[in-house]
Structure formats: structure tokens, C-alpha cells
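As C-alpha cells, the structure follows; a few thoughts come after it.
Just so you know, ligand 1 is whichever comes first in the structure, and atom 1 is the first atom listed for that ligand.
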Amino acid sequence: MERMESMEPISAYYTTAYPEIQPDGGYEYTESTESQAKTPPAPSYDEEFVHKTILVGDSGVGKTSLLVQFDQGKFIPGSFSATVGIGFTNKVVTVDGVKVKLQIWDTAGQERFRSVTHAYYRDAHALLLLYDITSKTSFDNIRAWLTEIHEYAQSDVVIMLLGNKADMSGERAIRRDEGERLAREYSVPFMETSAKTGVNVELAFTAVAKELKHRAVQHPNEPKFQIHEYIEARKEKSGCCSYF
Ligand SMILES: Nc1nc2c(ncn2[C@@H]2O[C@H](COP(=O)(O)OP(=O)(O)OP(=O)(O)O)[C@@H](O)[C@H]2O)c(=O)[nH]1
């Protein structure tokens with residue numbers, strides 16, 4: 001445990017339930033392309049720029065599963081084995097005709113790893129904060145997570161709140177409007193996702209990539225990117241349940 005806090009090479013400490021997720025060694029990004037129509041590339045965007053994006057939230061909310069779904073388009077069911085330490089996966093998201101590089105860090109949600117993950121908040125460009133819609137505790141802990149984020153992360157970090165396991169409607173403990181209300185209170189975008197079915201998973205990362213790209217370009221004449229509107233127009237609302 002002490003070694004983990006020494007910030008030695010990250011891959012040495014990163015294990016997950018899924019052998020498919022391996023710490024990346026370099027910048028061999030796999031690509032994800034925004035499904036919307038492309039607009040001409042913004043000339044001043046530096047495609048070499050790497051945006052550090054971190055998944056945070058209580059243990060078991062589905063951070064690793066969300067990343068596996070986004071990276072590989074699959075869900076690995078089975079017994080839950082908590083992430084130990086922290087590791088990252090590289091992805092390229094094409095938005096507005098430019099390639100946005102995301103370095104997505106999957107953190108351990110367990111309390112005992114908190115001091116390790118705090119150290120990574122400081123240079124994060126975006127944080128995806130997850131709770132589990134079947135777990136009231138994970139939802140109640142979101143306020144504490146946001147307090148930590150405000151304490152350790154940069155003030156301009158992009159934050160998105162995700163209510164994961166939206167496929168588990170029968171065991172739902174948190175209504176969608178409760179998630180929406182909390183997100184409004186903290187002025188952060190929100191959507192429900194399912195790492196199992198893939199609902200809204202790509203949208204979550206694409207919206208973050210778009211926001212980061214717009215912030216990096218900062219054309220004075222370009223209207224500010226409206227991430228809330230972007231999400232509202234695209235998030236999946238259909239399906240078996242009226243929860244979306
Ligand atoms: N039905 C359903 N199960 C999910 C979903 N996401 C994750 N799970 C399950 O929930 C359990 C925990 O998922 P993980 O992805 O390991 O959770 P985590 O947040 O990474 O946990 P830590 O590594 O301890 O922080 C696993 O059994 C997953 O299969 C989802 O969207 N739907």
C-alpha cells in the first residue's frame with residue numbers, strides 16, 4: 001500500500017477484474033468517431049494535445065465497465081473485483097473533424113486508495129463522476145466526491161455526472177429527476193448510462209471531448225459550446241423504461 005502512494009510507474013499497481021483492460025504503454029490510440037455530421041476542422045486545434053480524463057465514484061458504480069464499454073464496445077458480466085490503484089486507456093474521439101486525444105484514467109473507488117487518486121486530480125482536464133442508480137449510498141456520496149474534486153482539481157476542470165446501471169430499472173433507488181436536480185445544483189451536465197447495454201456511453205465521452213476541444217481552441221468569434229444542449233439533444237430517451 002505504501003508503495004502505491006509513492007507514485008511509482010502506474011502500470012505496476014493497476015489491476016482490474018477484466019484482463020481486457022491493460023494499462024496502456026504509450027499513445028497508440030484506438031479511435032471513436034462522433035456519429036454526427038462533420039464540420040470543417042478548426043485550424044488552430046493541436047491534435048497532439050492529450051486531455052487527461054478521470055473516472056471517479058464509489059467502488060462498484062461501474063467505472064471500469066464504462067471504460068471497457070467505451071473502449072471495446074462490450075460488457076463483461078460476472079463477479080465484481082474492485083480496481084486496485086489507477087491506470088489509463090488512450091482513445092481518440094473525432095469531433096468537428098478533428099481528433100481529440102483522451103487519456104482516460106480509471107481509478108479505484110475504494111476509500112483506502114483515495115490518497116492515491118487525489119494526486120491525479122490536479123492535472124485532470126475532465127472528471128466523469130459516477131453513481132449507481134440502484135445504490136442510494138453511491139448517490140448520496142456524490143456531494144462528498146464533488147467536495148473532493150473542488151479541493152484537489154483545477155477550478156476549470158470539466159465535470160460530468162453519470163447515473164450508471166440504467167439498465168437495472170427493477171432495482172432503481174434513485175429517480176432520474178433526482179440525478180438531474182443534483183446536477184443542476186452543481187451546474188454540471190448529467191445523463192444516465194449503462195455500461196451493460198452501452199446506452200449513452202459514447203455520448204458521455206464525446207460530449208466531454210467536444211467541450212475540451214472547444215475550450216482548447218477558444219476562438220473569440222465562435223459561440224461557446226453548449227454541452228448541456230448537446231447532451232439533451234442526443235441522449236437516449238427511448239428503451240424499455242420511462243427513466244431516460
Ligand atoms: N447491470 C449493470 N451492471 C453493471 C454496470 N456497470 C457495472 N456493472 C457491474 O457492477 C460491478 C462493478 O463494476 P466495476 O466496473 O468493476 O465498478 P468500479 O466502479 O470500477 O469499481 P472499483 O474498481 O471498485 O472502483 C460489476 O459486477 C459490473 O459487472 C451496468 O451499467 N449495468
Side-chain angles (χ1 to χ4, degrees), residues 1 4 10-24 53-89 91 104-121 124 126-142 144-146 148-149 159-176 179 190-205 235-241 243-244:
M1 181 71 66
M4 286 198 56
I10 291 146
S11 56
Y13 307 116
Y14 180 64
T15 65
T16 86
Y18 313 117
E20 286 79 1
I21 284 269
Q22 292 295 333
D24 283 359
T53 302
I54 308 185
L55 299 169
V56 289
D58 278 10
S59 180
V61 296
K63 299 179 293 298
T64 303
S65 303
L66 195 86
L67 183 52
V68 171
Q69 180 59 250
F70 179 56
D71 187 35
Q72 300 169 36
K74 63 185 181 189
F75 176 72
I76 301 135
S79 61
F80 164 49
S81 167
T83 302
V84 175
I86 184 164
F88 67 85
T89 295
K91 286 285 283 183
I104 307 164
W105 290 75
D106 178 21
T107 63
Q110 288 180 1
E111 181 74 40
R112 63 201 175 104
F113 298 120
R114 214 52 65 80
S115 60
V116 183
T117 52
H118 283 163
Y120 290 84
Y121 286 14
L127 290 161
L128 297 183
L129 176 55
L130 279 76
Y131 68 90
D132 168 355
I133 67 150
T134 72
S135 161
K136 187 171 178 334
T137 306
S138 75
F139 181 73
D140 290 343
N141 284 339
I142 289 294
W145 280 107
L146 284 162
E148 283 193 4
I149 288 167
I159 301 169
M160 182 178 290
L161 180 65
L162 301 177
N164 192 42
K165 307 195 187 181
D167 58 283
M168 297 179 72
S169 53
E171 293 165 56
R172 179 183 281 273
I174 304 298
R175 295 189 316 272
R176 182 168 59 94
F190 166 75
M191 72 183 91
E192 290 193 343
T193 55
S194 169
K196 183 174 183 177
T197 65
V199 160
N200 290 333
V201 173
E202 185 153 339
L203 175 61
F205 287 97
K235 75 181 173 191
E236 211 164 306
K237 300 178 180 85
S238 59
C240 65
C241 328
Y243 294 121
F244 292 110

Below a 4.0 angstrom heavy-atom separation, can you tell me which part of Ala108, side chain or backbone, both or neither, approaches ligand 1? backbone
Mind telling me whether Tyr131 and Phe139 have parallel, tilted or perpendicular rings, with 30° and 60° as the class edges? perpendicular
Using a strict cut-off of 4.0 Å, indicate which atoms of ligand 1 neighbour a heavy atom of Gly109. 22 (P), 25 (O)
At less than 4.0 angstrom from any non-hydrogen atom of Ala195, what atoms of ligand 1 do you find? 6 (N), 30 (C), 31 (O)
For Thr64, which part has a heavy atom under 4.0 Å from ligand 1: side chain, backbone, both, or neither? both
Contact check: Gly60 vs ligand 1, nitrogen or oxygen atoms, below 3.5 angstrom: yes
Please indicate whether any nitrogen or oxygen in Phe75 is less than 3.5 Å from any nitrogen or oxygen in ligand 1. no
Proximal candidate to atom 19 (O) of ligand 1 [heavy atom criterion; set Glu192, Lys196, Met168, Lys63]: Lys63
Between Phe205 and Lys91, is there a cation-pi geometry (under 6.0 Å to ring centre, at most 45° from the normal)? no
Which ligand 1 atoms does Ser65 reach within 4.0 Å, using its non-hydrogen atoms? 6 (N), 7 (C), 13 (O), 14 (P), 15 (O), 28 (C)
Interfacing atoms of ligand 1 (cut-off 4.0 Å, heavy-atom, Ala82): 23 (O), 24 (O)
Checking the N or O distance criterion of under 3.5 Å, is ligand 1 in contact with Asp106? no
Please report whether ligand 1 has a polar contact with Gln110, defined as an N or O pair separated by less than 3.5 Å (distance criterion only). no
Taking the side chain as C-beta and beyond, is there a heavy-atom pair between Trp145 and Val56 under 4.5 Å? yes
Side chain to side chain contact (heavy atoms under 4.5 Å, CB included) for Ile104 and Asp71? Distances and angles first, verdict last. CA-CA 10 Å; Ile104 307 164; Asp71 187 35; over 6 Å; no
Of the choices Val68, Leu67, Asp167, Leu162, which has the non-hydrogen atom that lies closest to atom 32 (N) of ligand 1? Asp167
Before signing off on this row, confirm whether Gly62 and ligand 1 have an N or O atom pair separated by under 3.5 Å. yes
Mind checking whether Ser59 has an N or O less than 3.5 Å away from an N or O of ligand 1? yes
Give the contacting part of Val61 toward ligand 1: side chain, backbone, both or neither, where contact means a heavy-atom distance below 4.0 Å. both
Atom indices of ligand 1, in the order listed, that fall short of 4.0 Å to a heavy atom of Ser194: 31 (O)
Just do the side chain to side chain contact (heavy atoms under 4.5 Å, CB included) check on Asp167 and Val199 with the steps written out, would you? CA-CA 8 Å; Asp167 58 283; Val199 160; over 6 Å; no
Here the gap from Asn164 atom CG to Ser138 atom OG, rounded to the nearest 0.5 Å, amounts to 9.5 Å
Which distance, rounded to the nearest 0.5 Å, do you find between the CE of Met160 and the CG of Leu130? 11.0 Å
Mind checking whether Thr64 and Asp106 have side chains closer than 4.5 Å, heavy atoms only? yes
Show the nearest heavy-atom pair for residues Arg172 and Arg176, with the distance to one decimal. NH1-N, 3.4 Å
Counterpart residues, salt bridge (charged side-chain N to carboxylate O under 4.0 Å, His left out), relative to Lys165 (two or more places apart): Asp132
